[in-house]
S.K.: 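What follows is a single structure, and I will ask about it in a moment.
The structure displayed is predicted, hence computed values, not measured ones.
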Amino acid sequence: MEQKRNPLSSACNFSGIKPIMADLPYPVIEVRRENQQYADLLSVDYCGSVSELSAIMQYINNENRLSCEKCPVAKILLGIAMAEMMHLQKLGELIVLLGGAIDFTAVNHSGRRRMWTPEYLTLPENAKKMLFADIEAEKAAISQYKMHIGMIKDDCVQAVLERIVIDEEYHIMILHALIKEL
């Protein structure tokens with residue numbers, strides 16, 4: 001007997017989704033020496049307003065909201081979110097190696113720690129605006145990473161951040177292509 005599909009269920013199958021990232025290896029995760037100042041800078045990349053945690057949550061939210069209507073787009077957003085998860089994990093390792101703590105707080109400009117909040121997210125209502133918001137978030141992340149690369153005088157940490165930037169630039173290219181398809 002043929003089983004009927006529930007019209008309220010998602011027809012989007014996410015099995016087999018892989019991280020969407022540049023086909024390049026990551027550098028070994030290591031640091032020259034402990035440095036709390038560098039760990040604090042990376043805490044901003046980890047869970048500040050412009051951060052991997054914010055990117056993951058924004059992509060997952062957009063993927064969830066698009067999965068019923070625009071499954072192919074939702075699958076790509078999930079693949080990008082998975083790459084952002086890998087970035088988060090690598091930053092976490094660097095923070096610990098630098099002597100910092102992983103507690104979902106980032107050091108702000110005044111030197112105070114602030115807990116991550118969903119207030120950092122941009123969640124527009126339609127697909128095209130979602131993708132434009134994702135592009136703007138990627139651009140902000142790239143700008144912040146480049147600033148941190150200039151501030152951090154540890155070639156091991158710089159190499160990881162430079163590699164992450166390559167993925168973020170790749171994500172922008174993919175998002176632009178998705179917008180053209182909508």
S.K.: On the 0 to 90° scale, with breaks at 30° and 60°, tag the His171-Tyr59 ring pair as parallel, tilted or perpendicular.
M.R.: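 Ring orientation, 0 to 90° scale: perpendicular.
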
S.K.: Search all heavy atoms of Ile20 against all heavy atoms of Ala83 and return the closest pair with its distance.
M.R.: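 Scanning both residues completely, I find the closest heavy atoms to be O-CB, 3.2 Å.
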
S.K.: Give a yes or no on whether Leu53 and Val44 share a hydrophobic cluster (residues Ile, Leu, Val, Met, Phe, Trp, Tyr; joining criterion: side-chain heavy atoms under 4.5 Å apart).
M.R.: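 Not linked; separate clusters.
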
S.K.: Search all heavy atoms of Arg113 against all heavy atoms of Ala101 and return the closest pair with its distance.
M.R.: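 Closest approach of Arg113 to Ala101, heavy atoms only: NH2-O, 4.3 Å.
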
S.K.: Considering non-hydrogen atoms only, spot the tightest contact between Ala74 and Glu63 and give its length.
M.R.: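 So the minimum-distance heavy-atom pair works out to O-CG, 3.3 Å.
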
S.K.: Of Asp45, Val96, Ile102, which meets side-chain contact (heavy atoms from CB on, under 4.5 Å) against Leu91?
M.R.: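 Going through Asp45, Val96, Ile102 one by one, the side-chain contact (heavy atoms from CB on, under 4.5 Å) with Leu91 is satisfied by Asp45 alone.
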
S.K.: Quick one, Ile179 and Ile135 - any side-chain contact, counting heavy atoms below 4.5 Å?
M.R.: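 Counting from C-beta outward, Ile179 and Ile135 do come under 4.5 Å.
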
S.K.: Please report the shortest heavy-atom distance between Gln158 and Ile149, naming the atom on each side.
M.R.: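 For Gln158 and Ile149, the tightest heavy-atom pair comes out as NE2-O, 3.0 Å.
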
S.K.: Do Val107 and Val31 belong to the same hydrophobic cluster, where Ile, Leu, Val, Met, Phe, Trp and Tyr are linked whenever their side-chain heavy atoms lie under 4.5 Å apart, directly or via other members?
M.R.: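 They do not share one cluster, since no chain of ILVMFWY contacts under 4.5 Å joins Val107 to Val31.
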
S.K.: So for atom CD, which belongs to Gln89, do other residues, nucleotides or ligands contribute more than 12 heavy atoms lying within a distance under 6.0 Å?
M.R.: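 Atom CD in Gln89 is packed in, count exceeds 12.
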
S.K.: With hydrophobic residues grouped by side-chain heavy-atom distances under 4.5 Å, do Met115 and Ile95 end up in a single group?
M.R.: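 Yes, one cluster joins them.
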
S.K.: How would you list, by chain and number, every residue that makes a side-chain contact (heavy atoms from CB on, under 4.5 Å) with Asn35, sequence neighbours excluded?
M.R.: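 By the side-chain contact (heavy atoms from CB on, under 4.5 Å) rule, Asn35 matches Arg33, Gln37, Tyr38, Leu98.
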
S.K.: Under the criterion side chain to side chain contact (heavy atoms under 4.5 Å, CB included), I'd like the reasoning laid out for Leu97 against Val157: C-alpha separation, chi angles, the key distance, then a yes or no.
M.R.: CA-CA 10 Å; Leu97 291 172; Val157 176; over 6 Å; no

S.K.: State which residues pass side-chain contact (heavy atoms from CB on, under 4.5 Å) with Pro25; sequence neighbours excluded, sorted by chain then number.
M.R.: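 Result, side-chain contact (heavy atoms from CB on, under 4.5 Å) vs Pro25: none returned.
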
S.K.: Could you work out, with side chain to side chain donor-acceptor pair (under 3.5 Å) as the rule, every residue matching Ser51, not counting sequence neighbours?
M.R.: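 Counting only residues at least two positions away or on another chain, Ser51 forms a side chain to side chain donor-acceptor pair (under 3.5 Å) with Ser54.
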
S.K.: How would you list, by chain and number, every residue that makes a salt bridge (charged side-chain N to carboxylate O under 4.0 Å, His left out) with Lys139, sequence neighbours excluded?
M.R.: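 Scan of Lys139 (salt bridge (charged side-chain N to carboxylate O under 4.0 Å, His left out), adjacent residues dropped) gives Glu136.
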
S.K.: Could I get the full list of salt bridge (charged side-chain N to carboxylate O under 4.0 Å, His left out) partners for Glu125, not counting sequence neighbours?
M.R.: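 Residues passing salt bridge (charged side-chain N to carboxylate O under 4.0 Å, His left out) with Glu125: Arg65.
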
S.K.: Restricting to side chain to side chain donor-acceptor pair (under 3.5 Å), what partner residues turn up for Tyr170, sequence neighbours left out?
M.R.: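 Checked Tyr170 against side chain to side chain donor-acceptor pair (under 3.5 Å); zero matches.
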
S.K.: Could you see if Phe132 belongs to whatever hydrophobic cluster contains Val73? Use Ile, Leu, Val, Met, Phe, Trp, Tyr and a side-chain cutoff under 4.5 Å.
M.R.: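 Yes; tracing contacts between hydrophobic side chains, which count when under 4.5 Å, links both residues.
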
S.K.: What residues, two or more places apart in sequence or in another chain, satisfy salt bridge (charged side-chain N to carboxylate O under 4.0 Å, His left out) together with Asp167?
M.R.: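 Once residues adjacent in sequence are excluded, the partners of Asp167 under the salt bridge (charged side-chain N to carboxylate O under 4.0 Å, His left out) criterion are Arg163.
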
S.K.: Do the side-chain sulfurs (SG) of Cys12 and Cys71 come closer than 2.5 Å?
M.R.: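 Correct, these two cysteines form a disulfide.
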
S.K.: So, taking the atom named CG in Leu123 and the one named CE in Met130, what distance separates them when rounded to the nearest 0.5 Å?
M.R.: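 Rounded to the nearest 0.5 Å, the CG-CE separation comes to 8.0 Å.
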
S.K.: The criterion is side chain to side chain donor-acceptor pair (under 3.5 Å); which residues satisfy it with Gln36, sequence neighbours excluded?
M.R.: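 Only Asp40 meet the side chain to side chain donor-acceptor pair (under 3.5 Å) criterion with Gln36.
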
S.K.: In Å, rounded to the nearest 0.5 Å, how long is the span from CZ of Arg32 to CD1 of Ile152?
M.R.: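 If I round to the nearest 0.5 Å, the distance is 14.0 Å.
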
S.K.: Please name the pair of heavy atoms, one in Ala133 and one in Pro124, separated by the smallest distance, quoted to 0.1 Å.
M.R.: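 The pair with the smallest heavy-atom distance is CB-CG, 4.0 Å.
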
S.K.: Could you state the interatomic distance from CG (Leu178) to NZ (Lys70), rounded to the nearest 0.5 Å?
M.R.: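 Going from CG on Leu178 over to NZ on Lys70, the span is 11.0 Å.
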
S.K.: Can you tell me how far CG of Asp134 sits from NE2 of His176, rounded to the nearest 0.5 angstrom?
M.R.: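 Interatomic distance, His176 NE2 to Asp134 CG, rounded to 0.5 Å: 11.5 Å.
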
S.K.: Which value, rounded to the nearest 0.5 Å, describes the distance between Leu66 atom CG and Leu78 atom CG?
M.R.: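 If we round to the nearest 0.5 Å, Leu66:CG and Leu78:CG are 12.0 Å apart.
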
S.K.: Tell me if the NZ atom of Lys90 is crowded by more than 12 foreign heavy atoms within 6.0 Å.
M.R.: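 Above 12, so yes.
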
S.K.: If we only count heavy atoms from C-beta on, is the Ile76 to Ile17 side-chain gap below 4.5 Å?
M.R.: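 Ile76 vs Ile17: side chains apart.
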
S.K.: Test Glu84 against every option in Met21, Glu138, Met57 by the side-chain contact (heavy atoms from CB on, under 4.5 Å) rule and name the one that passes.
M.R.: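 Checked Met21, Glu138, Met57 against Glu84; only one passes side-chain contact (heavy atoms from CB on, under 4.5 Å): Glu138.
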
S.K.: In the structure I gave you, are the side-chain heavy atoms of Lys75 and Phe14 within less than 4.5 Å of one another anywhere?
M.R.: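 Sidechains of Phe14 and Lys75: in contact.
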
S.K.: Say whether, by atom type as modelled, one donor and one acceptor occur between the side chain of Glu52 and the main chain of Tyr46 under 3.5 angstrom.
M.R.: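 Side chain of Glu52 to backbone of Tyr46, a donor-acceptor pair under 3.5 Å: no, none is there.
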
S.K.: Can you find a heavy atom in the side chain of Glu169 that is under 4.5 Å from one in the side chain of Met173?
M.R.: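 Side chain of Glu169 against side chain of Met173, heavy atoms only: no contact under 4.5 Å found.
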
S.K.: Per the disulfide (SG to SG under 2.5 Å) rule, what does the pair list look like for residues 105-160, sequence neighbours excluded?
M.R.: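 Residue pairs passing disulfide (SG to SG under 2.5 Å), neighbours aside: none found.
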
S.K.: As an exercise, state the distance from CG of Asn62 to NZ of Lys129, rounded to the nearest 0.5 Å.
M.R.: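 Going from CG on Asn62 over to NZ on Lys129, the span is 13.5 Å.
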
S.K.: If Ile, Leu, Val, Met, Phe, Trp and Tyr residues are connected whenever their side-chain heavy atoms lie under 4.5 Å apart, and connections chain through other members, are Leu41 and Val50 in the same group?
M.R.: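 They do not share one cluster, since no chain of ILVMFWY contacts under 4.5 Å joins Leu41 to Val50.
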
S.K.: Evaluate the side-chain proximity of Asn61 to Leu121: yes if any heavy-atom separation is below 4.5 Å, no if none is.
M.R.: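 No, their side chains stay 4.5 Å or more apart.
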
S.K.: Could you pull out all residues at least two apart from Glu30 that satisfy salt bridge (charged side-chain N to carboxylate O under 4.0 Å, His left out)?
M.R.: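 For Glu30, no residue satisfies salt bridge (charged side-chain N to carboxylate O under 4.0 Å, His left out) once neighbours in sequence are set aside.
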
S.K.: Return the set of residues passing side chain to side chain donor-acceptor pair (under 3.5 Å) with Thr117 (not counting sequence neighbours), or none when no residue passes.
M.R.: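 By the side chain to side chain donor-acceptor pair (under 3.5 Å) rule, Thr117 matches no residue at all.
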
S.K.: Members other than Leu24 in its cluster, when Ile, Leu, Val, Met, Phe, Trp, Tyr link by side-chain heavy atoms under 4.5 Å?
M.R.: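 Cluster partners of Leu24: Ile166.
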
S.K.: Identify the heavy atoms of Tyr120 and Cys47 that sit nearest to each other, and give their distance.
M.R.: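 In this case the closest contact between Tyr120 and Cys47 is CE1-O, 4.0 Å.
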
